Number of protein chains: 2
Amino acid sequence: MDKLFNPDGIAVVGASANPAKAGFVAIRNMREKEYPGKVFPINPNEKDILGYPCHGSLKDIKENVDLVVLIMPSRLIYDVMDDLDQRMESKGDVKFIVCAAADYAETKTGEGIARQKRLMKTAEKYHIRVIGPNCIGVIDNRSRVDTTFVDTGVPFSTFGAPTGITFISQSGALASAVLMEGAGRVVPVLYNKFISIGNMADIDFVDLINYLETDGTTKVIGIYMEGYKDGQKLAETLKRASLKKPIVILKVGRSALGANAANSHTGSMAGSDQVYDAVFKQCGVIRVDTIDELIDTMQAFDQMPLPAGGNTFLLTQAGGPGIYCTDAICAADSLTMPSVSEKTREKLTASQLPMANICHPEGYADITASASVKNHVDGLRIVLEDENVDAAVLVTVVPTFLPQEALAEGFVALDHETPAEKKKPVYYCVMAGAYTTKARKIMERSGLCTFNTPEKAVKAAGNLCKYAMFRKRHGEEKAHG
Amino acid sequence: MDKLFNPDGIAVVGASANPAKAGFVAIRNMREKEYPGKVFPINPNEKDILGYPCHGSLKDIKENVDLVVLIMPSRLIYDVMDDLDQRMESKGDVKFIVCAAADYAETKTGEGIARQKRLMKTAEKYHIRVIGPNCIGVIDNRSRVDTTFVDTGVPFSTFGAPTGITFISQSGALASAVLMEGAGRVVPVLYNKFISIGNMADIDFVDLINYLETDGTTKVIGIYMEGYKDGQKLAETLKRASLKKPIVILKVGRSALGANAANSHTGSMAGSDQVYDAVFKQCGVIRVDTIDELIDTMQAFDQMPLPAGGNTFLLTQAGGPGIYCTDAICAADSLTMPSVSEKTREKLTASQLPMANICHPEGYADITASASVKNHVDGLRIVLEDENVDAAVLVTVVPTFLPQEALAEGFVALDHETPAEKKKPVYYCVMAGAYTTKARKIMERSGLCTFNTPEKAVKAAGNLCKYAMFRKRHGEEKAHG
């Protein structure tokens, strides 16, 4: 699949010079991301689009084309495929098609099914692999390919470095939402790869997971799933792959009505939710409930080491949010609040103001709103050094009179001074709103994970722990034969 | 309590000219909000702060002072109270104290308890009512009083009009978080009144609810609660008040450890969570689990009529998010997806594109990503006109090629054309991120409720329905009894 994500030559059928059209935005996205390869807009009525010279049809491109993006009205599929047949007879270069447009088999009409058939006829004849149809396309932010027509509303230049997060979505709209929601975060999330797979006429979940399992730039795989026909094949693939990389899935169709809606949408049989749930658990898949939890969890897996266990210390400078967060930790199956050693308790007490509440309850410290930057950083350092502590949640409502940049830089310095092999996950909950954006930006740009509410931090913490336990169990199974 | 929220003269003890100090921010907040009344900063070392002339002590102010704000270090309480005693003997004008600083009885030290005692001695002697100590202060955005020292990071001029939302918090940090999170919303939330009550040395939940029950500008009461000593008094008050106005409570201490932390924090006995849960249900109180749900629900109560029942139609232009939202509706106790009449179904079908999925399942319509502004607005109008429909959730991932401003204006026009008595709640879920900020701003500024994820929209819908059912039941009890 390398040529899908790193093609030599991309032809865009349906490219448009009209900024209100999807066929323009796809070109603009590549231009904005400074895609260094060749792009060939197909549009007989334009000379060039954003500096890329136009061609009249697929047949007219003299140079190599690895990837064809179809973004024209689907009724034109017959002509376009005839052109592609001719091209393949003479040049035989195309290896992938990304068919973005809708109105294919998912409509369940004779016409839609016939269109998809026509698309696949050429694909199968010439061994061209297909993504879609009825999808929003593919992104690789390392090679800077972007065939989507999604406008996130955020300039590309403000995004962070490419992450290790690869996301696959069975719904184009959900994929758009994940892109837009990611773009709207404090530091916009630059996904590693991003694949909207639509109808899965050819390439499907299993193909992609097989590929991503060994893809060097993918650290965590996220999936939005409505359903998959071959349950056993999916389960085998998930189990094998999740022993190498965490897989996070937002699977809908939990309710009978939701399953019914899924069937109407992509023709997927959502299947029994309990079966999916059981299979996911068995396979070490982390199932999430919301888009927020999906993105938070993917980011946490991407940026942090796995915890050795569920002992999660809660350090807070704010009593109310601390109690709120304690409730959240107690509600998480996989997490517990640990007792620290007497020595840690003494060091912690000595490092804090007299009115700090240390370890009432166990695994909890409220260092109060008067805590300085040094109180915060020293407290966190001491907690993380305790061998009973596997991870920490830090909750702060940065008081108006505490310099938030200095606090953020203190946390970053603490992270940098810790040797990689001694690092433990820390979930920084920096509440809330726009006031702390500066602090969160400093922290996120240095690779720390921040959250705006305790429950989000705790959800991510619980998910990392669940996966760590799966890996641990499997390691033990292996050791015992 | 009118003079607390609309005082004639405010003295601020501990006012500072140093922008890094709480005693400066409180003054700055009132200056920024253009508080029209008199503010007297007490600071013997400054001539004026932000244009308000300084005084050396409480005794020196010649003019009337209704409200004294204490924001100085708590060890100075003895001197300040002596000054206040002298003032009361000669002028007798002060009616309220807001004691913002911490380090009083909540520390459970002899010193802290003594300080609070000293504060209350003067208060009781002269019948001055006290908010706090250990709180962040009081806001009234109609009279433009703001004694808090919270910097939300968002310029006041970008806030919307004052809402009908009054919020009371037992934790200052949680109160800050609610202020900051509200300020960070698409259109910043301007709370009607905002009261951080801290230790409740005098004024407590019951006093405030009693007052707010008949306060003309309060439409919904939100509360963050750790615990309250007199359960029966609280229950009676909640039950009576919630028959007039919705009361939304985020009550922490759900877990045993959380209750333990609450006890260490404000000395509150959180009490059995099951008891609180039962009492809240009985009293028609809407209990929420997160800060997001708290703000969303308060906004929904403030802006929308109550639904006649739980029949909630889901109109979407995006299949995946539609299924995701269907799951959320099915998971909400109080909501169901209604069957619409044959006539509605026909009208709906006629108003949409041929590939639209109308009523598979019942109560659901996916009008597809190709839907125009007119398709959206007509679809919603037709759905809302059906008598089986009590409310609607609209889920859209505005496609790049649909003009979002026109869509937003279409929804606003639909809302305006509907007579008040025929209005039903509509939860607009506009996914997601920064791309749709423009649309959401247009809608929110016109009084529509928008959300960025389906589960948030559905949580609010479920909460409005629960409360509507409580009111309905009570109405029936009355009719029968």
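These figures come from a predicted structure and were not determined experimentally.
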Let me know if [X] has heavy atoms under 4.5 Å from chain A in its side chain, its backbone, both or neither.
X        : result
B/Ala177 : both
B/Asn18  : neither
B/Phe149 : both
B/Glu455 : side chain

Using a cut-off of under 4.5 Å on heavy-atom pairs, state which of [options] scores highest against chain A.
options                                : value
B/Pro321, B/Ala20, B/Ser169            : B/Pro321
B/Leu402, B/Leu314, B/Leu174, B/Val150 : B/Leu174
B/Cys325, B/Pro361, B/Gly322           : B/Pro361
B/Leu179, B/Thr152, B/Val25, B/Thr107  : B/Thr152

(request) For the residue pair A/Ile291 and B/Tyr324, establish whether any side-chain heavy-atom pair is separated by less than 4.5 Å. (result)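 Side-chain contact under 4.5 Å: yes.
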(message) Quick check: do B/Gln404 and A/Asp151 have side-chain heavy atoms less than 4.5 Å from each other?
(response) no
Heavy-atom proximity to chain B below 4.5 Å, by part of [X]:
X        : result
A/Thr290 : both
A/Val398 : backbone
A/Tyr224 : side chain

Looking at [atom1] of [X] and [atom2] of [Y], how far apart are the two atoms once the value is rounded to the nearest 0.5 Å?
X        : Y        : atom1 : atom2 : value
B/Met355 : A/Asp103 : CE    : CG    : 5.0 Å
A/Met337 : B/Leu257 : CE    : CG    : 6.0 Å
B/Cys330 : A/Arg254 : SG    : CZ    : 12.5 Å
A/Glu181 : B/Met431 : CD    : CE    : 7.5 Å

Could you pull out the closest heavy-atom pair between [X] and [Y], with the gap in Å?
X        : Y        : answer
B/Val154 : A/Ala434 : CG2-CB, 3.6 Å
B/Ala22  : A/Phe401 : CB-CD2, 4.0 Å
A/Ser176 : B/Val397 : CB-CG1, 3.6 Å

(message) With chain B as the partner, which of A/Asn452, A/Asp366, A/Thr436 has the greatest number of non-hydrogen pairs under 4.5 Å?
(response)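 Of the options given, most contacts go to A/Asn452.
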(message) Which one wins on heavy-atom pair count under 4.5 Å against chain B: A/Thr316, A/Thr326, A/Asp327, A/Thr400?
(response)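 Most heavy-atom pairs under 4.5 Å with chain B: A/Asp327.
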(message) Between B/Asp292 and A/Lys456 (salt bridge meaning N to carboxylate O under 4.0 Å), is one present in this structure?
(response) yes
